[in-house]
Amino acid sequence: MAMSGGKDDGSPMMEMNTTPLIDVMLVLLIMFIITIPVATHSVAINLPQATPPTNNPIINPIKNKLVLTATNQILWNGSPITQGNLVTLLQATKAMPVEPELQLQPEAYANYEIANEIIKIVTDSKVTKFGFVGNENYAAFTKAQ
């Protein structure tokens, strides 16, 4: 510890010795750390259980057609599916030895937001063979009657 006795001329010491203060603060810090209980509590959460799809659409090993209807229904090779089933089907196609081609054909008045969500799902699944079908139907735009 650093100690000083003041000056030789008898004047009092003007600086405060902080070493004992730091020692006391370190002891208190260690005592607080020891007395804090370990956070071992947990929160129970009821997670939803996965349900298998009710209909299992067939995966064509060569070409699969995905249609978005004007009534916001998603069809996989003619069978109606949900967006959750689409993720499962795309994962199954990625596991095949040769990845089949996926074709998307939105109908004329299909919902743009749902088409965008489908394209995002396809992009996130990293499908390499993907194409749009039916663009030739919309090659010429005419005024509404």
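All residue numbers in this chain count up from 1 along the given sequence.
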Sole residue of Asn116, Asp124, Thr123 in side-chain hydrogen bond (donor to acceptor under 3.5 Å, both in side chains) with Lys120: Asp124
Nearest atoms (heavy-atom pairs only) where Pro100 meets Lys63: CB-N, 4.3 Å
Under 3.5 Å side-chain donor-acceptor pair for Gln103 and Glu101: yes
Hydrophobic cluster membership, Leu66 vs Leu89, 4.5 Å side-chain cutoff: yes
Distance-only donor-acceptor check, side chains Glu99 and Thr93, under 3.5 Å: no
Heavy-atom pair of closest approach, residues Glu117 and Gln83: OE1-NE2, 2.8 Å
Distance, nearest 0.5 Å, that separates NZ of Lys65 from CG of Leu75: 10.5 Å
Separation of Glu107 CD from Gln73 CD (nearest 0.5 Å): 9.5 Å
Greater than 12 external heavy atoms within 6.0 Å of Met96's CE: yes
Selection residues 113-132 - residue pairs positive for ring-ring contact (aromatic ring centres under 6.0 Å, His included), sequence neighbours left out: Phe130-Phe132
Contact check, side chains of Met25 and Leu29, non-hydrogen atoms, under 4.5 Å: no
pair Ile118-Ile74: side-chain heavy atoms closer than 4.5 Å: yes
Gap between atom CD1 of Ile114 and atom OG1 of Thr69 - 0.5 Å precision: 8.5 Å
Stepwise side-chain contact (heavy atoms from CB on, under 4.5 Å) test for Leu26 and Met31: CA-CA 9 Å; Leu26 287 174; Met31 293 303 293; over 6 Å; no
Matching residue for Val87 among Val122, Thr82, Ile121 - test: side chain to side chain contact (heavy atoms under 4.5 Å, CB included): Ile121
hydrophobic_cluster_shared for Ile119 and Val127, side chain cutoff 4.5 Å: yes
Straight-line distance of Asn17 CG to Ile22 CD1, nearest 0.5 Å: 9.0 Å
Those residues that, when tested against Asn77, pass side-chain hydrogen bond (donor to acceptor under 3.5 Å, both in side chains) (two or more places apart): Asn64
Heavy-atom side-chain proximity of Trp76 to Leu90 below 4.5 angstrom: yes
For Tyr112, all residues meeting side chain to side chain contact (heavy atoms under 4.5 Å, CB included), sequence neighbours excluded: none
Distance (rounded to the nearest 0.5 Å) between Gln91 CD and Ser125 OG: 8.0 Å
